[in-house]
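Here is the structure we will look at.
The structure presented is a predicted model; accordingly, all values stated were derived computationally and were not measured.
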Amino acid sequence: MSRMYSPQASQDGRAGKARVTTSTSSSTKREVLSEFDRLLMESSRRVPGAGDSGDRSDVSGEEQQQMAIMEKDLREDAPWKRIQQKTFTRWINEHLKTAGESIGDLETDLSDGLQLIRLLELLTRKRFPRFNKAPAFRSQKLENVSLALAFLDEEGVKIVSIDSTDIVDGRLKLILALIWALILKYSISSLKLCDEEEEGDSAWEKMTPKEKLLSWFSSKLPLPVKNFTTDWNDGRACGALDNAVAPGLCPDWESWDPKDALRNATEAMNLAEKWLGVPQLISPEDMIDPNMDEQSMMTYLAQFPIAQPKPGAPFYAKSSGDARAVRCTGRGLQSTGIRIGDEVFFQVCTKTAGEGALTATVIGPDAQQVPLENTGKVSTAVHEFSYAPEKPGLHYVHVLFGGRHVPKSPFEVKVGMPWNSKIEASGPGLAGGVVGSAAEFSVDAKGEAGMLGFSIEGPSQVTIECKDRGDLKASVKYWPTLPGEYAVHILCGEEDIPGSPFMADIVERPDAVDSPVAAVVRITQQESSSPLKTESVDSSETTEVTEDGTTIVTRRETRMTSQVMTSSSSHHVVQTFTEELGEAGLGLGGLDMLSLGASASGGAQDIRSLGGTRCDVTKVVASGSGLERAACNKTNTFVVKADSAAGYNMLMVGIYGKILHAHEVQVQHLGHAHYQVNYKLKERGEYLLSVKYGDVHIPGSPFVINCV
């Protein structure tokens with residue numbers, strides 16, 4: 001039931017302005033005086049000015065230190081102010097959202113008094129009978145804020161040295177002090193924090209709201225908390241608090257590593273928000289900050305005494321396994337690209353998680369379970385699952401270990417309608433690769449119209465190079481810098497083509513390989529239902545100088561054949577065979593540079609890369625206007641020159657932008673490692689120009705080209 005509030009004659013007679021300084025006797029009102037107000041008053045008494053010589057010889061060393069801290073706290077960029085502004089804004093919005101409203105800037109959005117009045121109505125369930133509902137003039141805004149301050153006076157809230165002009169003019173420090181008074185009154189002091197036996201106890205009544213709140217946490221938590229700052233920094237206390245409010249919600253908090261503070265705080269706060277309804281008024285990064293603002297932490301933690309578990313909240317027994325150490329991979333967990341009828345797979349690795357029961361379920365858009373098959377163990381600690389969605393819409397994949405959700409579970413998977421596209425993609429880069437080396441694949445649009453695009457998601461950002469081969473075909477390379485699983489999205493009109501995303505397993509380069517390796521890779525394009533075979537010949541070299549000065553290079557060659565079986569489910573099984581080919585002695589002489597080529601028939605392709613040659617890419621220089629600016633539909637030029645110290649290697653040039661088939665590139669060797677590059681861009685916009693000598697970018701590459 002709403003109650004009406006009638007403003008009393010508490011204004012000072014000036015239109016639109018009120019100053020509230022009424023004192024009250026309760027412990028709540030004693031506490032309301034904020035630390036900020038104290039700092040302001042202390043500072044005003046100590047700052048040299050009129051009648052003050054500025055001589056501080058009578059001030060003790062301790063007082064000077066306190067004054068230095070005070071001046072630092074009063075700076076415009078003081079960290080506490082940033083944290084408080086963010087926290088208090090979120091606190092206000094948590095209340096305003098019940099009325100479908102919100103604020104964005106605490107400094108300005110209360111200036112007309114409307115949101116402040118609305119906030120007070122929600123906090124007290126009282127109505128203001130009259131105020132300016134569309135204040136256009138300063139006097140009207142002052143009057144609205146004055147009504148709000150007078151209302152707080154009637155409510156028994158003590159606010160010192162704040163008047164309506166402070167709010168209208170956006171004085172942030174004083175606005176923060178006002179909001180803290182509201183938090184202390186309506187969110188902290190209103191909590192029932194004692195047992196019936198303690199009610200009326202003189203010692204309890206003499207405690208401040210801060211002391212009462214701290215006492216409540218101390219009685220609930222099995223680890224000591226003596227403050228609202230550093231005792232919460234490692235995140236374990238928040239996990240223990242989750243488990244105290246809802247026993248079984250976070251039973252393993254004791255095993256959390258204090259050094260992994262951000263991970264601990266993030267998990268604890270996410271659990272509290274998801275299952276206890278405790279909004280994150282602060283961030284996990286704020287919680288672990290040694291300089292965390294005390295009032296902001298109190299504002300967040302004050303939500304726990306009234307928190308209740310939501311229906312369906314999971315309660316776990318304490319387990320010896322660590323669900324946070326489980327890692328999940330596979331196309332079946334990707335958020336986009338899966339379509340009705342696709343049989344998709346995902347893998348769960350429990351290698352470092354300890355002992356625990358592993359379960360997985362898939363829930364469809366109709367809230368019904370989707371059949372899920374446990375295909376068995378891929379290895380000792382890796383389990384594989386598969387499912388085939390039958391309905392479009394959002395699916396949830398739940399993976400639990402020891403009864404607890406693993407990281408990122410439940411996974412959201414958006415399933416689309418079937419698409420009978422003829423676009424084909426093939427190449428070893430769709431299945432795997434090596435850190436620091438180019439992973440390659442090709443795409444054939446088969447005459448279908450549409451703009452092709454590529455997106456690669458994984459542990460690291462990657463450089464992507466696209467080469468338009470004509471006839472709606474393209475060759476793509478990307479360079480991953482960290483090992484792990486990468487999702488290679490091939491898009492047409494912003495939609496994943498069938499089979500996309502392709503999951504590529506990128507591994508570390510073997511320690512034995514400490515220099516680029518020569519390789520010849522033959523890729524045979526066949527029907528999509530047939531196996532994709534790749535064959536590579538890797539070689540390592542040793543150099544020996546004989547007594548007569550002859551240099552002998554010995555190359556050890558190993559042939560590696562991989563067969564990628566591609567079924568209609570787009571599930572790839574890679575079989576690899578290795579064969580030692582022996583050794584061969586080579587006379588050290590000139591090396592011919594090989595370039596990418598393809599047979600005219602479009603069938604077998606020979607892709608050859610030259611490695612094993614030591615070179616200094618810093619000795620390669622590119623120059624010319626075509627490195628910065630290009631004219632649309634005209635030939636643009638730049639030159640590349642490698643001096644003798646650069647060594648021998650292949651020059652590779654790639655241009656890519658938002659439109660794949662929008663450029664032509666021609667490289668002409670002028671002799672003596674001097675090249676001229678001509679290119680034509682067919683669409684205006686910004687492009688990236690990649691120039692590499694071997695597998696390494698030359699200085700300045702990639703260049704940004706503005707096509708006009």
Side-chain angles (χ1 to χ4, degrees), residues 1-14 16-38 84 88-89 91-96 98-99 101 103 106 109-133 141-168 171 174-193 205-210 212-213 295 298-299 302-303 305-306:
M1 178 181 296
S2 298
R3 292 177 288 174
M4 300 295 292
Y5 160 67
S6 298
Q8 304 297 319
S10 57
Q11 299 190 22
D12 63 0
R14 288 173 291 176
K17 186 171 184 176
R19 182 178 296 273
V20 182
T21 58
T22 304
S23 178
T24 58
S25 59
S26 70
S27 61
T28 297
K29 298 164 188 173
R30 288 198 307 269
E31 179 66 9
V32 171
L33 180 58
S34 70
E35 180 67 13
F36 170 74
D37 290 325
R38 182 186 69 78
Q84 275 195 15
F88 291 1
T89 299
W91 179 83
I92 291 172
N93 285 334
E94 281 299 316
H95 292 282
L96 290 180
T98 60
E101 301 178 25
I103 65 169
L106 184 60
D109 288 357
L110 302 181
S111 62
D112 61 7
L114 293 178
Q115 296 288 30
L116 182 57
I117 289 173
R118 188 65 179 131
L119 176 63
L120 295 179
E121 289 182 334
L122 293 169
L123 291 172
T124 63
R125 297 186 181 180
K126 297 180 181 179
R127 296 287 301 277
F128 279 63
R130 61 175 183 83
F131 58 90
N132 292 294
K133 294 180 174 58
K141 298 177 182 180
L142 289 169
E143 184 177 358
N144 280 351
V145 176
S146 295
L147 286 172
L149 295 178
F151 173 82
L152 290 176
D153 182 31
E154 293 298 317
E155 285 283 298
V157 179
K158 180 181 179 181
I159 303 174
V160 177
S161 302
I162 300 178
D163 63 32
S164 54
T165 59
D166 298 322
I167 310 303
V168 173
R171 297 189 178 98
L174 297 175
I175 293 172
L176 292 172
L178 172 64
I179 302 305
W180 172 242
L182 299 182
I183 294 171
L184 203 56
K185 167 73 174 179
Y186 298 107
S187 286
I188 298 178
S189 300
S190 61
L191 296 171
K192 181 177 174 59
L193 299 173
E205 292 300 324
K206 291 179 181 179
M207 294 171 66
T208 64
K210 172 185 171 181
K212 292 178 180 178
L213 187 60
Q295 294 177 356
M298 290 176 62
T299 302
Q303 301 174 103
I306 58 174

query: Any side-chain heavy atom of Leu193 sitting closer than 4.5 Å to one from Pro209?
result: no
Locate the shortest heavy-atom distance separating [X] from [Y]; write the atom from each residue and the value.
X: Ala148; Y: Leu116; result: CB-CD2, 3.7 Å
X: Phe151; Y: Thr124; result: CZ-OG1, 3.4 Å
X: Ile162; Y: Ala177; result: CD1-CB, 4.1 Å
X: Ile159; Y: Ala181; result: CG1-CB, 4.5 Å
X: Leu114; Y: Lys133; result: CD1-O, 3.6 Å
X: His95; Y: Leu119; result: CB-CD1, 3.8 Å

- request: Any chance you could lay out the side-chain contact (heavy atoms from CB on, under 4.5 Å) test for Asp153 and Leu149, step after step, and finish with the verdict?
  value: CA-CA 6 Å; Asp153 182 31; Leu149 295 178; over 6 Å; no
Point-to-point distance, once rounded to the nearest 0.5 Å, from [atom1] of [X] to [atom2] of [Y]:
X: Ile179; Y: Leu174; atom1: CD1; atom2: CG; result: 11.5 Å
X: Gln295; Y: Gln84; atom1: CD; atom2: CD; result: 4.5 Å
X: Tyr186; Y: Leu191; atom1: OH; atom2: CG; result: 14.5 Å
X: Lys212; Y: Ser189; atom1: NZ; atom2: OG; result: 7.5 Å
X: Leu182; Y: Ile188; atom1: CG; atom2: CD1; result: 11.5 Å
X: Thr98; Y: Asn93; atom1: OG1; atom2: CG; result: 11.0 Å

- prompt: Would Leu178 and Phe88 satisfy side-chain contact (heavy atoms from CB on, under 4.5 Å), going step by step from the backbone distance to the final call?
  reply: CA-CA 10 Å; Leu178 172 64; Phe88 291 1; over 6 Å; no
message: Is there a side-chain contact (heavy atoms from CB on, under 4.5 Å) between Asp166 and Val145? Walk through the geometry before answering.
response: CA-CA 10 Å; Asp166 298 322; Val145 176; over 6 Å; no
Residues in side chain to side chain donor-acceptor pair (under 3.5 Å) with [X], at least two apart?
X: Glu121; result: Arg118
X: Thr89; result: none
X: Glu94; result: Lys97

task: Show your reasoning for whether side-chain contact (heavy atoms from CB on, under 4.5 Å) applies to Leu120 and Lys126.
output: CA-CA 8 Å; Leu120 295 179; Lys126 297 180 181 179; over 6 Å; no
field: Asp109: side chain to side chain contact (heavy atoms under 4.5 Å, CB included) partners, not counting sequence neighbours
entry: Ile103, Asp105
message: Any side-chain to backbone donor/acceptor pair from Asn144 onto Lys141? Under 3.5 Å, distance only.
response: no
